[in-house]
Novice: 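Dumping the structure here so I can ask a few things about it.
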Amino acid sequence: MKLITAIIQPHRLDAVHEALSARHVNGLTVTEVSGYGAQKGHSEIYRGAEYNIAFRPKVRIDVVVTEDEADATIQIIVDAAYTGKIGDGKVWATEVSEIVRVRTGERGVTAV
Amino acid sequence: MKLITAIIQPHRLDAVHEALSARHVNGLTVTEVSGYGAQKGHSEIYRGAEYNIAFRPKVRIDVVVTEDEADATIQIIVDAAYTGKIGDGKVWATEVSEIVRVRTGERGVTAV
Amino acid sequence: MKLITAIIQPHRLDAVHEALSARHVNGLTVTEVSGYGAQKGHSEIYRGAEYNIAFRPKVRIDVVVTEDEADATIQIIVDAAYTGKIGDGKVWATEVSEIVRVRTGERGVTAV
Amino acid sequence: MPAADLAWLLAAFALVSLMFPGLAMFYGGMLGTKNILNMLMMVMSSLAVTSVLYVLYGYSMVSGNSWGGLGIIGDPLEFFGLQTFVTDLETGGAEGLYWAAFFILFAAITIAIVASGAAGRMKFGAWIAFSALWLTLVYFPLAHQVFTFSDPESGYVGGWLRNVIELHDFAGGTAVHMNAGVAALALAMVLGKRKSAAHRPHNLPMVVLGAGILWFGWYGFNGGSAAGANFLAQYVVLTSLLAGSAGIIGFCLVERIRNGKATTLGMASGAIAGLVGITPSADAVDPIGALLVGLAAGAVVCLALTWKTKLGIDDTLDAFAVHGVGGVVGVICVVLFADSAAPAGITGILFGGNLDIVWRELVAITVTCTYSFVMTYAIAWGLNKTIGLRVTEEDEYAGLDVTLHAETAYVSERA
Amino acid sequence: MPAADLAWLLAAFALVSLMFPGLAMFYGGMLGTKNILNMLMMVMSSLAVTSVLYVLYGYSMVSGNSWGGLGIIGDPLEFFGLQTFVTDLETGGAEGLYWAAFFILFAAITIAIVASGAAGRMKFGAWIAFSALWLTLVYFPLAHQVFTFSDPESGYVGGWLRNVIELHDFAGGTAVHMNAGVAALALAMVLGKRKSAAHRPHNLPMVVLGAGILWFGWYGFNGGSAAGANFLAQYVVLTSLLAGSAGIIGFCLVERIRNGKATTLGMASGAIAGLVGITPSADAVDPIGALLVGLAAGAVVCLALTWKTKLGIDDTLDAFAVHGVGGVVGVICVVLFADSAAPAGITGILFGGNLDIVWRELVAITVTCTYSFVMTYAIAWGLNKTIGLRVTEEDEYAGLDVTLHAETAYVSERA
Amino acid sequence: MPAADLAWLLAAFALVSLMFPGLAMFYGGMLGTKNILNMLMMVMSSLAVTSVLYVLYGYSMVSGNSWGGLGIIGDPLEFFGLQTFVTDLETGGAEGLYWAAFFILFAAITIAIVASGAAGRMKFGAWIAFSALWLTLVYFPLAHQVFTFSDPESGYVGGWLRNVIELHDFAGGTAVHMNAGVAALALAMVLGKRKSAAHRPHNLPMVVLGAGILWFGWYGFNGGSAAGANFLAQYVVLTSLLAGSAGIIGFCLVERIRNGKATTLGMASGAIAGLVGITPSADAVDPIGALLVGLAAGAVVCLALTWKTKLGIDDTLDAFAVHGVGGVVGVICVVLFADSAAPAGITGILFGGNLDIVWRELVAITVTCTYSFVMTYAIAWGLNKTIGLRVTEEDEYAGLDVTLHAETAYVSERA
Ligand SMILES: Nc1ncnc2c1ncn2[C@@H]1O[C@H](COP(=O)(O)OP(=O)(O)O)[C@@H](O)[C@H]1O
Ligand SMILES: Nc1ncnc2c1ncn2[C@@H]1O[C@H](COP(=O)(O)OP(=O)(O)O)[C@@H](O)[C@H]1O
Ligand SMILES: Nc1ncnc2c1ncn2[C@@H]1O[C@H](COP(=O)(O)OP(=O)(O)O)[C@@H](O)[C@H]1O
């Protein structure tokens, strides 16, 4: 199994969620994060003092999928998150060695 | 070493924390997240307009443990987080190749 | 590629960010988390009732780097996050099997 | 007892002044987290723009002797700088000075309500320009027509709706509420819909606080319109309390029946709807009538909200439904069940009153709404063609707080 | 000078009206993030329920001629629809109309305090039913007994606690505060404890804002009870300021000694405790006495809070300790160190006053608390057996905001 | 008409009392998330400390007969316990009692402003000690010198700045604003800079709400200083409205030109700056003059803020710039363009007034600022050497809310 982690623009969350649902991805977890990358920060001004805000709001999506769904899932996320502008984000995958569904105690692929 | 990640019901956090403490798990990290799965969203109503809220509040726990503690830790979490209702969550494990304790610079199992 | 995850003291974030930038780390993602470890919680008092707050605010940094940058990156983070006091945090690494840049569709090291 | 009147009027003025942060919270809380500050700035800057215009020519245009005796607009040069009022006339009571202050708040709250129609997509400079033009071309004339009494003795000519049509509008159901509601609609139409999906309100306790403060201010708004510490003042304070309360019931009952649940936003909206409804009718209905006004306004506004959604106009915070429709409901209630024993002395047609009041109110509503819609649309359209009203799509996604004001409403960093 | 009195009374009314959003913030801020809106709705809807009942029969039951001359309850039909008051008596001052409005706020704030005992677990429909019954069966009778003066001249009979027992209670220490505190306790007992663990207050700045607004409103509550712009009004305004201030000191000192730290919630709670303490005693103590009332109320309430925890009753927001105990402390202070030079003219027993006042206050406290407890318990118990008071366990975990009102208090999405 | 005056003064008192939660929100919102509660406690506890001191000896020191006839300080024993005022003099109007209450608020708001200079690094016990000493040694003398009129008839001697220098300061530009601004600066200098990096304001809607409430309170502050429901009261209410409004424009214009963007914090700060500016000048300028006062105060304060940053002093929330500089601008405006037709009857030198007013104001400003700075520095320095003012570095990183008050401002857990 693979854990796919995606950092995307907040306003693309709905699109990604819909795309994954359509593809029968049964679950995912969302975290509000912030980040920087090619897209640098911006400056804010408070009482004349400029603050360089390094991080911009992003949304992190974590979804565990079976090995053979991994590539397709990545592609779905990439497509749905795409706007073509700097700051669109990253998607990466790591190996999951075990997964359990708390409610049933099921393990492995059936637990995804 | 293994990184155990658990997505659980917010109101089970205390139970999981206590169970892990009792088992001498020395550290863990908690993140407020939201997610969807078998448990679908709910709808909210604002001035007559219905919003389908896809994601429900969950808590994410990350804990790094040694290889041989991994299975036991997963089980402790699963047991403590269990309520038997849909939405109880998932626990998964990934491989950690290195870990360092910032304060001491210790690496590997002693840093866990 | 490696995903380096660091849990650090919130007030060290700027230092870590600067240190990584100086080293040309091109991107990172920040999450507000809380945790416990050797540094235990603290107690708070509301209308005479004491609450034992197990978790303290921390910041989580996730950064994906190429294999050969991994060790150096860990060291930079450890050095910049260091204060020498309990609660300084942990840094760990996991293996990333794939990474994609959403904007361009690039994969692998060029996407980092 | 002019000094006693003044004592209450000073307090009433202060009450109304708190409506500005109240409205800011009410509207700000309903938005998503990235356009709040922009809304707060639109609401609060209304005071800045109005104060300057009022001192220069606004007071003259509203309360001045009608230009050409037509009852359309006051002579804009009559009270330049409010200099006439600097000298104490020793009446011991409220003088021009006081009324200038009180009416600045009326004008400013009106344009502040209009701002809600532009939430999340309008350039700030364009807003300032729009608000100055709108006050001058829409509010000042309508306020003159509705609020200013003629004084046959001195030959002073006031507004035609007030003196020729003799509309009944206790404290501004037309010039303030219908006007603001319709203008917000027109502005929203010219601006077009927001790019990003509709947001849930980001902070409902803030909305409730705002509504509570608005209610508080309304006692000054309606109570101060009684012009003193008199029977009328206590009358309208009671009817305002009852209508706000019943507005909650009207709105929440419809919600309960339709959606199965009464909501907090509904409660807050219902109270405001009830208060809008009682603004024109506060002196004309009896206590049970006031409860009915609130009930009707709350229920009808609740129904109006969903109709709007279907029209597909992004009147973002529903000013048209709440203030436009709510105001109309209030006036209709006067027509229907005004109690002749109440201070206004009007007999509702349900109680056998004559139909005279019907056409007066109809003319007043029609003139106000038509004029407001057409003029607002024209101003917004004109500005859009020249300086442009709308921010870029990117700015809209990033949010106006950061892009227009270089600020973030909430920062949770613990560093 | 009735018009001057009215000028102040109108302002006082408005001040009290702001106590509603104030209380909503005070209570809402103390809860966890998932039951806030429900609390806001319970607090604000008190205005809706009370307004309707008061117009129908509440005013009659509270201020009407005692039914059978017994001093227990006013004739419920006397002032139906408040129709009597629609006509101007031309007294130039506050008339029945005004007092109806003012007393609606008193009744509504009392039931709103009771709501705090039900936080986080009560069905909303059941709350509405409970509050209507409670006002009718508990508040209206007690308010009649405590507030309504007999008028020997016209043969009008008022409440027995006021006229037969001659309790001293300046502005409602009994009928409002003790009554609410005890009722909250009884309701909490019938409801049982919340399922989920105790929550830390989710927003303390909101609590402080609420407390500050409540303090502001209290000047209207106590100051308006002076019935005019007179010596008494300024007297009680000063003593209210002093007692609130000293309440902070009393509460925070106990905290500092016991826990080592003064807390913000303690500061806010102490100010309210001091204000509760001064409510019955504001006209009876001198300035130093007012400081002592505040000090005592703050300190004792702080101690009472922990006693409660031990009793294991989930009086969620401590209405019993703050309003019940705080109110009793205030009355005891009158008994102990009332200054004969103060407007009430009572000599405290520490200053050699006679013991007469002791039994009068004891009777008043005992009657109020016993009646309130027994009746509230009975009403809650009865409703629980019939329609059921409590939400399901699942709804409680998910939170009442989402399950009862289909809303979320705070949404941080930036989409 | 003393009763009518009292009616307004009671309301004005209440308005000012709301400035405390207002200031708490204004300051709390500007801080980061870990030192908010500490700020709220410093602001609100000012009421506790001041109330006690005022009853004991503060009233005497401020309003008592000058000790030795020198006009420096009132006899501290004259009004112990305010016992003299307990008896009704039957003037029908505001008596000593009222003024005691009103002036407690003045003193308390002054020390509350000073607190802003100590944000995020001062021990709470040390703050309480500091505030008691500061009120006694700095505020009470300055308030006596500035506010207390001599009464030749009764041989009563008041403050020398008021009676000998005859400064013009309508409602406390010197003793309240400049005094507080300078004292905050001195305290900040003794305390030194905060360890952790500068924080962005954590909650700007809270700041706007606070500013809006402060504005509301200011009508009571300035309007109440007119001592009645009279022409002067309405005059200063209008000028306060205009100056606050124009303050927004002044501040935001400078921002717009300098940084390209008008900000929300700027809008709130500008309104407050305008109100500070009008405090000494409200009765001396005409409506256009009031707009100019606001414009000047807003613009100059905006410029002053960046100068401060360069000085490297951590006057955390800019009390010196806003209240110190803003107050001076207000006084200069009187000197420059006071309108002789306005109630104060002063002719500004731009309108050909004589230069007499210049030195009077200069003396008043110099004395106030010098005395305040030197004494505050001395008190803070002395306390620092003895009990120590500053928390440990660790406590500072962890935040004062947790370490000093064992609380967290916001808890978002949903358990
Ligand atoms: N190497 C990385 N490790 C972790 N997160 C990253 C990394 N690079 C980018 N990110 C995340 O992705 C977001 C978008 O990346 P950015 O480089 O700005 O855009 P783009 O991918 O379009 O070039 C960043 O804000 C950050 O949260
Ligand atoms: N495949 C997945 N990847 C990541 N997170 C998941 C996945 N499936 C479920 N989750 C997380 O677990 C939570 C509970 O899952 P859900 O399917 O609703 O309950 P259950 O596990 O009892 O069937 C979700 O809200 C989501 O946060
Ligand atoms: N085994 C672990 N797994 C996950 N997170 C951990 C673990 N141990 C510590 N942490 C995180 O690191 C933070 C600091 O750890 P702590 O043990 O308190 O300090 P130190 O590393 O200096 O001994 C914790 O608050 C927690 O968030």
Side-chain angles (χ1 to χ4, degrees), chain B residues 6-23 25 28-62 76-91, chain E residues 24 28 30-42 44-45 48 119-125 127-128 191-204 309 314 316 390-415:
Chain B
I7 313 292
I8 63 168
Q9 292 282 28
H11 69 268
R12 301 309 298 167
L13 174 60
D14 281 351
V16 171
H17 171 219
E18 272 162 39
L20 288 174
S21 292
R23 179 70 187 212
V25 172
L28 57 78
T29 300
V30 174
T31 316
E32 289 184 32
V33 300
S34 54
Y36 91 106
Q39 185 190 33
K40 293 290 174 262
H42 61 278
S43 66
E44 299 190 354
I45 303 160
Y46 297 95
R47 287 191 162 174
E50 234 174 290
Y51 291 70
N52 194 26
I53 310 306
F55 306 109
R56 290 182 177 263
K58 301 281 167 189
V59 158
R60 170 183 175 139
I61 295 174
D62 287 283
I76 291 167
I77 296 176
V78 168
D79 290 349
Y82 178 82
T83 73
K85 306 227 174 65
I86 274 185
D88 267 3
K90 301 272 151 83
V91 183
Chain E
M30 269 190 259
L31 292 171
T33 43
K34 57 190 188 183
N35 299 313
I36 306 161
L37 300 179
N38 176 250
M39 177 50 67
L40 302 192
M41 287 203 74
M42 290 202 284
M44 298 301 292
S45 66
R121 56 208 192 278
M122 191 166 180
K123 290 194 249 173
F124 188 62
W127 166 254
I128 297 294
L191 278 169
K193 289 183 159 202
R194 283 165 296 167
K195 289 278 174 253
S196 48
H199 296 290
R200 287 185 286 166
H202 87 284
N203 192 329
L204 284 175
T309 311
D314 192 5
T316 318
R390 207 159 158 162
V391 300
T392 64
E393 196 177 321
E394 253 142 292
D395 282 3
E396 212 176 311
Y397 280 123
L400 305 193
D401 292 356
V402 159
T403 53
L404 297 188
H405 307 296
E407 294 175 304
T408 302
Y410 305 106
V411 172
S412 64
E413 288 154 14
R414 295 188 49 94

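Throughout, protein chains are lettered first and strands after them, A, B, ... in sequence-line order, and every chain is numbered starting at 1.
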Novice: What is the minimum heavy-atom distance between E:A406 and B:S43, and which atoms define it?
Specialist: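 Result for this residue pair: CB-O, 4.0 Å.
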Novice: Just so I know, are the side chains of E:T408 and B:Y46 near enough to count as touching, which here means a heavy-atom distance under 4.5 Å?
Specialist: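 The answer is yes; the side chains approach within 4.5 Å.
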Novice: Looking at every heavy atom in both E:E407 and B:I45, which two are closest together, and how far apart are they?
Specialist: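 For E:E407 versus B:I45, the nearest heavy atoms are CG-O, 3.9 Å.
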Novice: Which distance, rounded to the nearest 0.5 Å, do you find between the NZ of E:K34 and the NE2 of B:H11?
Specialist: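 One finds 7.5 Å between NZ of E:K34 and NE2 of B:H11.
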Novice: Taking C-beta and beyond as the side chain, do B:K85 and E:E394 meet within less than 4.5 Å on heavy atoms?
Specialist: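 When only atoms from C-beta onward are counted, E:E394 and B:K85 do touch, with a gap below 4.5 Å.
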